[in-house]
Amino acid sequence: ILFPNPPPVLPHTPSLLLILSFFLSIFNFLLFRLPTIMPPQLQSQSQKGLKVIQGDLSALPPAVREFVETNVTLCQPEELHICDGSDEENRVILTQLEEQGMIKKLSKYENCWLARTDPMDVARVESKTVIVTKDQKDTIPSPLGGGVSQLGRWMSPGEFDKAMTQRFPGCMKGRTMYVIPFSMGPVGSPLSKIGVELTDSPYVVASMRVMTRMGKAVLSALENGEFVRCLHSVGCPLPLKKPLVNNWPCNPELTLVAHIPDRRHIVSFGSGYGGNSLLGKKCFALRIASRIAKEEGWLAEHMLILGVTNPAGEKKYMAAAFPSACGKTNLAMLCPTLPGWKVECVGDDIAWMKFDHHGNLRAINPENGFFGVAPGTSATTNPNAMATIIKNTLFTNVAETSDGGIYWEGMDQSLPEGVTITSWKNKLWSPEDGEPSAHPNSRFCTPAGQCPIIDPLWESPEGVPIEAIIFGGRRPEGVPLVYEAFSWQHGVFVGAAMRSEATAAAEHKG
Ligand SMILES: [Mn+2]
């Protein structure tokens, strides 16, 4: 790896694939351009007869309390649980999930669990993911001739109101509403942002505890400050209208993931799957954050962050932008084969970047864990990930071995004599079945701090200095592996026009 020294300045030198940071945000600018007017909120009422099973509603900051009460009125949960983020709380949640048959303990490892979802709920649903703005052009450009934009989906405030009314009234009946205060970025960092997610899914609570800093400390840091309001329901009030598949509540017919950037609201209904339900990740840290970032003058990007040290001991940090399931996690945890080189990981998915007052671009990883694609991860492709996930990890839709272990395509591990594999569909599996044992979008949800090569500065409140940005994707045909731009302007154009293979991380056909 070459370090341009000093970093090149616009616009003379032809670039390599290291192109300037700002063009990825073109996409984000297109999504969140102008403020618009949104429908009125539902009225808050006092909560008579609501059972608070953990926490103190009256001790919440007034704006959080109002957010909770408004949505208790709307969703009508039976109980309220305000999350404190403690170990004890986590134990209780995991035990409940186990009792409900939503997760299973993996005896081979320490505190590891396996969830199998309803096969109808296995990936992000981009066709049902919308941005709500008054004018369509504030969300997506309108293609000439009235075609469908490939850059996102817009919903009008009126349509959104209708969609809410169709879905949320009474949607948590018989269930517990969990209140999850969470911080994206280290608690108290000037680059961090706070959100509060209301959810009726204990799987979301357990996962958010891995993926974000969550609980009491966040409420203390919030005081009366601003927060992103996140509302999530699996959309299966009790009693059930039809039996669950794999004990996994979801409502695929009515799934909708909506963002209201003007109000800093996220609303997700019908899916329990990570990308649709862990609202701190794609919904907040990429979509809402890119709008906040635009207003505040920073960048929220789909990029890993890593530190590379050369044999002379000189260390540089870089960010790299690849689409989902193209190897961000593997690159972020690279084991260099060049003697004397070292790679350390700051983040594997999202970078929040801001120029400091010296003009240096600095980045934090807003997340606290890795929600990585499991298939293809092996002792060969990513030994650091394999070492990370052997404790405190929540797996979803991977296959299971009869000795209490995990299995997936590309794991490259021979099984002990007599050990059998149960697929993500909960059926005895053999390689002759003609379909994969683990879902192609199966995941591990694991604490970043457990990664053997986690960077010593990964939680640094001021972030790490970024000296280069790498752009990449996965395209087995049609595009050369190495591509040189004619100029910086052309490089920006090439980067902005780049496409990649369809990903298993989002639903797609063919
Ligand atoms: Mn991603």
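Start at 1 and go down the list; that is how both ligands and their atoms are numbered. When reading the values below, keep in mind they use all heavy atoms of this one structure, side chains included, and skip hydrogens, waters and symmetry mates. Here, residue 1 is the first one in the sequence, and each next residue gets the next number.
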Q: More than 12 foreign heavy atoms under 6.0 Å from CD of Glu226: is that the case here?
A: no

Q: Give a yes or no on whether Met386 atom CE has more than 12 heavy-atom contacts from other residues, nucleotides or ligands under 6.0 Å away.
A: yes

Q: With sequence neighbours excluded, what pairs up with Trp298 under the side-chain hydrogen bond (donor to acceptor under 3.5 Å, both in side chains) test?
A: Glu296

Q: Tell me, please, which residues at least two apart from Lys105 pass side chain to side chain contact (heavy atoms under 4.5 Å, CB included).
A: Glu98, Trp113

Q: Give every protein N, O or S atom lying under 2.8 Å from the Mn ion (ligand 1), naming each by residue and atom.
A: Lys282 NZ, His302 NE2, Asp349 OD1

Q: Taking only residues two or more places apart in sequence, or in another chain, which ones meet Thr129 in a side-chain hydrogen bond (donor to acceptor under 3.5 Å, both in side chains)?
A: none

Q: For the residue pair Ile390 and Tyr109, what are the closest heavy atoms and their distance?
A: O-CB, 3.1 Å

